[in-house]
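The block underneath contains the structure these notes are about, expressed in structure tokens.
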Amino acid sequence: MTLKLQTEPKFFSKLSRGYLLTAFIFLASMSSCRLSQDKIEFGKGQSASEAKDYRRALEHYEQVVKRQTNTDLALEAAKEAARVSYYELKDYRKASEYFQHIILYSKVSADRIQAQKKIAELNFSNLQNYKQAIIEYSKLLQLPHSAGEEIEFRLAIARSFFYQNNFFQALVEVDSILKAAGDAEDVFDAMELKANILMQTKKLDEAVEVLKLMTAKYPEKSKERQTGLLLAVVYEEKKDFAKAIETLTSIKDTYPSPAFIEARIKNLKERQSYLPGAHGWRK
């Protein structure tokens, strides 16, 4: 006995193919329609932004990002949403979400790196989330960057540890910068941070040496940043009032407010007069 395989009738086969083709055309049409609607939505966002109605603009851009996600239109909407959130609304958490979208979906390396920089910057400067800032700047160190950016990113990491009162790790990071950077002028900020760490940890003699080195190597920058005033503070902490007075006297003429320096000197001389062995000191 021979079994015959039943085959689909040609009529129904053609009908099925017709249904599939119709369904495909319908879905394509719906997709095209959705894209057209979202282009209109994007345009509304631009119009609202031009009218400085930034919250409304953000709502329109957000709808495009949600519906289109992995498309060029969604990427443009995310860029605009990030800009509006960051610069206009100062909503840094929302801005971070859109910068993250750019990192995930942009095919342009420069755009992804710039978005990562913004995320690191807003966590450090705006949100003051120093724990997260360390993570974000560490990511930047794994991406292409210049020698100057190497110092900038590592210094931000060191400062983040400093602001969390993790002075040990902050000092480790700073010393790493100074060792790698050599005599680069950019290390002035790292040396200044090191001096502040040493002051906080009461290593005052070491702080004095760092500050004196700064004024010797970078005299103009030291005048601009008033390093001498910081050095006087360290001497005052050491109760070496004579050195503090000497340092303040040397910077008085270049300080924006000489009267302030004069008042500090007067106060230090008064405190010096009460030290054991000072002229006029009494038991």
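Between Arg271 and Glu236 there is a side-chain heavy-atom pair separated by less than 4.5 Å. Side-chain contact between Ile134 and Ser138 is present, with heavy atoms from C-beta onward closer than 4.5 Å. A 4.5 Å side-chain heavy-atom check between Arg159 and Tyr130 finds every atom pair outside the cut-off. Between Gln226 and Pro256 the shortest side-chain heavy-atom distance falls below 4.5 Å. Contact annotation: the side chain of Ile119 approaches that of Ile103 to within less than 4.5 Å [non-hydrogen atoms, C-beta and beyond]. No side-chain heavy atom of Thr215 sits less than 4.5 Å from a side-chain heavy atom of Leu211. Residues Leu230 and Met199 have side chains in contact (heavy-atom distance under 4.5 Å, counting atoms from C-beta outward). Counting heavy atoms from C-beta on, the side chains of Gln200 and Ile197 never come closer than 4.5 Å.
The aromatic rings of Phe153 and Tyr137 are tilted relative to each other, their planes meeting at an angle between 30° and 60°. In this pair, Tyr218 and Phe188 present their aromatic rings perpendicular. The plane angle is above 60°, beyond the 30 to 60° band.
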Derivation of the side chain to side chain contact (heavy atoms under 4.5 Å, CB included) call for Arg264 and Val233: CA-CA 10 Å; Arg264 290 288 304 272; Val233 170; 4.0 Å; yes
May I have the step-by-step check of side chain to side chain contact (heavy atoms under 4.5 Å, CB included) for Arg225 and Asp189, ending in yes or no? CA-CA 10 Å; Arg225 298 282 280 272; Asp189 288 342; 2.8 Å; yes
Determine, stepwise, if the pair Tyr61 / Phe42 fulfils side chain to side chain contact (heavy atoms under 4.5 Å, CB included). CA-CA 6 Å; Tyr61 292 138; Phe42 182 83; 3.8 Å; yes
Decide yes or no on side chain to side chain contact (heavy atoms under 4.5 Å, CB included) for Phe124 and Tyr163, but give the supporting numbers first. CA-CA 10 Å; Phe124 180 82; Tyr163 294 144; 3.9 Å; yes
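Using a cutoff of 4.0 Å between basic side-chain nitrogens and carboxylate oxygens, Lys44 and Glu41 are not scored as salt-bridged. Lys194 and Glu206 are not joined by a salt bridge, as no carboxylate oxygen comes within less than 4.0 angstrom of a charged side-chain nitrogen. Ion pair Lys266/Glu262 not flagged as a salt bridge, since none of the NZ, NE, NH1 or NH2 atoms sits closer than 4.0 Å to an Asp/Glu carboxylate oxygen.
Gln100 and Tyr105 form no side-chain donor-acceptor contact under 3.5 Å, judged by distance and modelled atom types alone. Residues Gln46 and Glu50 bring no donor and acceptor atom of their side chains to less than 3.5 Å of each other. Remark: the Glu136 side chain and the Gln116 side chain contain an N/O donor-acceptor pair separated by less than 3.5 Å. Between the side chains of Ser49 and Arg83, at least one donor N or O lies within less than 3.5 Å of an accepting N or O. Checking Gln68 against Asp38 by side-chain atom types alone, a donor-acceptor pair falls below 3.5 Å.
In terms of hydrophobic clustering, with Ile, Leu, Val, Met, Phe, Trp and Tyr side chains grouped at heavy-atom distances under 4.5 Å, Leu198 and Leu155 are assigned to a common cluster. By the criterion of side-chain heavy atoms lying less than 4.5 angstrom apart, applied directly or through intervening Ile, Leu, Val, Met, Phe, Trp or Tyr residues, Leu143 is grouped together with Ile151 in one hydrophobic cluster. The hydrophobic clustering, which links ILVMFWY residues whose side-chain heavy atoms are closer than 4.5 Å, places Val172 and Leu178 apart. Follow the hydrophobic side-chain contacts under 4.5 Å out from Phe260 and you reach Leu268 in the same cluster. Linking Ile, Leu, Val, Met, Phe, Trp and Tyr whenever their side-chain heavy atoms come within less than 4.5 Å leaves Tyr86 and Leu89 in two separate clusters.
In this structure, the ring of Phe162 has its center less than 6.0 angstrom from the ring center of Phe167.
Around atom CZ of Arg112, more than 12 heavy atoms belonging to other residues, nucleotides or ligands sit under 6.0 Å away. More than 12 heavy atoms of other residues, nucleotides or ligands lie within 6.0 Å of NZ in Lys79, so this atom counts as buried by the packing criterion. Residue-environment remark: NZ (Lys243) stays at or below the threshold of 12 foreign heavy atoms within 6.0 Å. Under a cut-off of 6.0 angstrom, the local environment of CG in Asp53 is crowded, with over 12 non-hydrogen atoms contributed by other residues, nucleotides or ligands.
To the nearest 0.5 Å, atoms CD1 (Ile177) and CG (Leu193) are separated by 7.5 Å. Atoms CD1 and CG, from Ile261 and Leu229 in turn, are 5.0 Å apart once rounded to the nearest 0.5 Å. The distance from the CE atom of Met191 to the CG atom of Leu213 is 4.0 Å, given to the nearest 0.5 Å. We find the OG-CD1 distance between Ser47 and Ile40 to be 11.5 Å, quoted to the nearest 0.5 Å. Interatomic distance, Ser176 OG to Leu171 CG, rounded to the nearest 0.5 Å: 11.0 Å. Note that CD of Glu246 and CG of Leu231 are 9.5 Å apart. Values are rounded to the nearest 0.5 Å.
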Donor-acceptor contacts under 3.5 Å from residues 91-98 side chains, at least two apart:
from  : atom 1 : to    : atom 2 : distance (Å)
Asp91 : OD1    : Lys94 : N      : 3.2
Lys94 : NZ     : Glu62 : OE2    : 3.1
Tyr98 : OH     : Glu62 : OE2    : 2.9

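Taking every heavy atom of both residues into account, Val174 and Ala190 meet most closely at CG1-O, 3.4 Å. For Leu140 against Ile113, the heavy-atom pair with the smallest separation is CD2-O, 4.1 Å. Listed here is the closest heavy atom pair of Ala207 and Val234: CB-CG1, 4.2 Å. Considering every non-hydrogen atom in both Val65 and Ala74, the closest pair reads CG2-O, 3.6 Å.
The backbone N or O of Ser160 sits less than 3.5 Å from a side-chain atom of Gln164, completing a donor-acceptor pair. The backbone N or O of Lys118 sits nowhere less than 3.5 Å from a side-chain atom of Glu121 that would complete a donor-acceptor pair. The closest donor-acceptor contact from the side chain of Ser125 to the backbone of Leu122 lies at 3.5 Å or more, if one exists at all.
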